[in-house]
Amino acid sequence: MKRFTGQDRAITDGWRPATRAVRGGTARSEWGETSEALFLTSGYSYDRAGDAAARFAGEQVGMTYSRLQNPTVEMLEQRIALLEGAEACRATASGMAAMTAALLCQLSAGDHMVGGRAAFGSCRWLTDTLLPRFGIATTVVDARDPQAFVDACRPETRVFFFETPANPTLDVVDLAAVCGIARDRGITTVVDNAFATPALQRPLEWGADVVAYSATKMMDGQGRVLAGAVCGTQDFIDNTLLPFTRNTGPTLSPFNAWVVLKGLETLDLRIRRQSESALAVGRFLEGRVPRMLHPGLASHPQHALAMRQMAAAGPIFAFEVADRTQAHGLLDALQLIDISNNIGDSRSLMCHPASTTHSGVAEDKRLDMGVTEGLLRLNVGLEDPLDLIDDLDQALRAVGL
Ligand SMILES: *Cc1c(COP(=O)(O)O)cnc(C)c1O
């Protein structure tokens, strides 16, 4: 029986997080492989026609088609659910597939959603452009202020959607307060937890209903594949999310699922080391640049809140220089840190959001959410932080800072 323990919640729920990350969800085949098997198959066969009929009727356990189920993808879903402390999880092809599915599966024309102002560019596009096109009204609020959610509520408000910490300004949302406001009104909270991951922050413990991920970021952690995930109650996943994803097909490939399974085994180690390095780099930059946006530093206005709901501040932070010219000049002077708009990688990466990740957001909205022309976002990787500090030091000097 030992080979099935990774999928038995009666056993796995008793495991501590590090054990869950390595063994959660593992289902061994008859070969007894130690590493998870990669099932590259689109279909499944049945011994008898009656078995096929029984599986389609939901009367027999088993897989029917890889848009709906795949053994490797299922191992990942169970592992993420365990790490999150969620009843169930559904993996998707990318983080944006997860966000889109988590919202469209439950919203209909006539409904209203309140969204956080500081958000990943494509998440803002969902809120500002896609949902309204289908008759779903949206209001964007400064999510740092719980009262803003109260003030934006209407009788038809169905969902609150926000990130914390938010991309790229590192706004922190008070999870207990905002989720409490939603609970009192029967509103569903959808939290984009890509920056923190379940290793640092578990929104369900603060009262969130649905947690959605770009697993492309810290979960893969080595810049290899795109992936996403949606976590929630079994009822939400089975009866609200699955009818949407099964029929629209934002399915994760088994290969990508396998890569993320391997990534999760080291998530805790990586994110804690990268968080420590990000603090060291942040302390170096503080005082050297005009403005720091790092929730792990006491200078961040929401530092206390961030430390209350997160185990560490994470590997990503932002800072401001004078303008676009100085920001681009600093990027061009880097010799070690790459110019890249990705985050969550084991390599240190830096980008200028206003001209890349947030260039699709209208300028007035960009400034309103704090994405100024001088803003730079840094993902601190697994390199020695002293080498990163040396690189930043020479690049800052090159632009006169
Ligand atoms: C990257 C990111 C996404 C989108 O994820 P993809 O995997 O790139 O589709 C969504 N939200 C946040 C906060 C992100 O950082």
Side-chain angles (χ1 to χ4, degrees), residues 76 80 89-104 115-131 140 143 160-173 175 189-201 203 208 210-231 245 248 250-253 255-257 259-260 263-264 267 271 274 278 293 295 306 310 313-318 340-345 349-351 353 356-361 369-371 375 377-380:
L76 176 66
I80 294 175
C89 168
R90 186 73 181 171
T92 56
S94 69
M96 285 321 302
M99 304 306 153
T100 307
L103 298 179
L104 284 182
R117 186 174 69 179
F120 186 68
S122 295
C123 292
R124 275 299 298 260
W125 184 83
L126 293 183
T127 303
D128 296 342
T129 306
L130 184 75
L131 296 180
V140 170
F160 288 172
F161 174 47
F162 58 86
E163 326 173 351
T164 182
N167 193 352
T169 52
L170 284 300
D171 284 5
V172 179
V173 181
L175 283 166
T189 42
V190 177
V191 179
D192 179 342
N193 199 35
F195 268 41
T197 81
L200 299 185
Q201 171 176 276
V210 178
V211 182
Y213 281 103
S214 168
T216 314
K217 310 294 170 55
M218 282 309 295
M219 287 190 178
D220 168 25
Q222 288 149 86
R224 301 167 296 192
V225 298
L226 273 86
V230 182
C231 300
T245 56
T248 55
T251 314
L252 182 63
S253 90
F255 178 77
N256 290 3
V259 172
V260 179
L264 287 176
L267 171 65
I271 202 162
Q274 289 177 239
L293 302 157
M310 300 175 75
I316 304 148
F317 66 88
S340 173
N341 47 283
N342 195 16
I343 51 170
D345 200 316
L349 309 172
M350 196 149 111
C351 84
T356 57
T357 53
H358 289 70
S359 58
V361 180
M369 66 196 265
V371 180
L375 190 77
R377 187 191 66 192
L378 176 57
N379 170 76
V380 174

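Both ligands and their constituent atoms are indexed starting at 1 by order of listing. Note that the structure is predicted; figures quoted are calculated from it, not measured.
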field: Side chain Asp192, main chain Phe162, donor-acceptor under 3.5 Å
entry: no
Main-chain N/O of Phe120 paired to Glu163 side chain as donor or acceptor, under 3.5 Å: yes
- request: Give the minimum heavy-atom separation between Arg117 and Arg124, together with the two atoms involved.
  value: O-NH1, 2.8 Å
field: Donor-acceptor under 3.5 Å (Thr164 side chain, Ala166 main chain)
entry: no
Give every pair made of an N or O atom of ligand 1 and a protein N or O atom lying under 3.5 Å apart, one pair per line with both atom names and the distance to 0.1 Å, or write 'none'.
{"from": "ligand 1", "atom 1": "5 (O)", "to": "Ser214", "atom 2": "OG", "distance (Å)": "3.0"}
{"from": "ligand 1", "atom 1": "7 (O)", "to": "Gly95", "atom 2": "N", "distance (Å)": "2.8"}
{"from": "ligand 1", "atom 1": "7 (O)", "to": "Ser214", "atom 2": "OG", "distance (Å)": "2.8"}
{"from": "ligand 1", "atom 1": "7 (O)", "to": "Thr216", "atom 2": "OG1", "distance (Å)": "2.6"}
{"from": "ligand 1", "atom 1": "9 (O)", "to": "Gly95", "atom 2": "N", "distance (Å)": "3.0"}
{"from": "ligand 1", "atom 1": "9 (O)", "to": "Met96", "atom 2": "N", "distance (Å)": "2.8"}
{"from": "ligand 1", "atom 1": "11 (N)", "to": "Asp192", "atom 2": "OD2", "distance (Å)": "2.6"}
{"from": "ligand 1", "atom 1": "15 (O)", "to": "Asn167", "atom 2": "ND2", "distance (Å)": "3.4"}
{"from": "ligand 1", "atom 1": "15 (O)", "to": "Lys217", "atom 2": "NZ", "distance (Å)": "2.8"}

task: Using salt bridge (charged side-chain N to carboxylate O under 4.0 Å, His left out) as the criterion, list what pairs up with Arg377, not counting sequence neighbours.
output: none
query: Do we see a donor-acceptor contact under 3.5 Å between the side chains of Gln222 and Asp345?
result: no
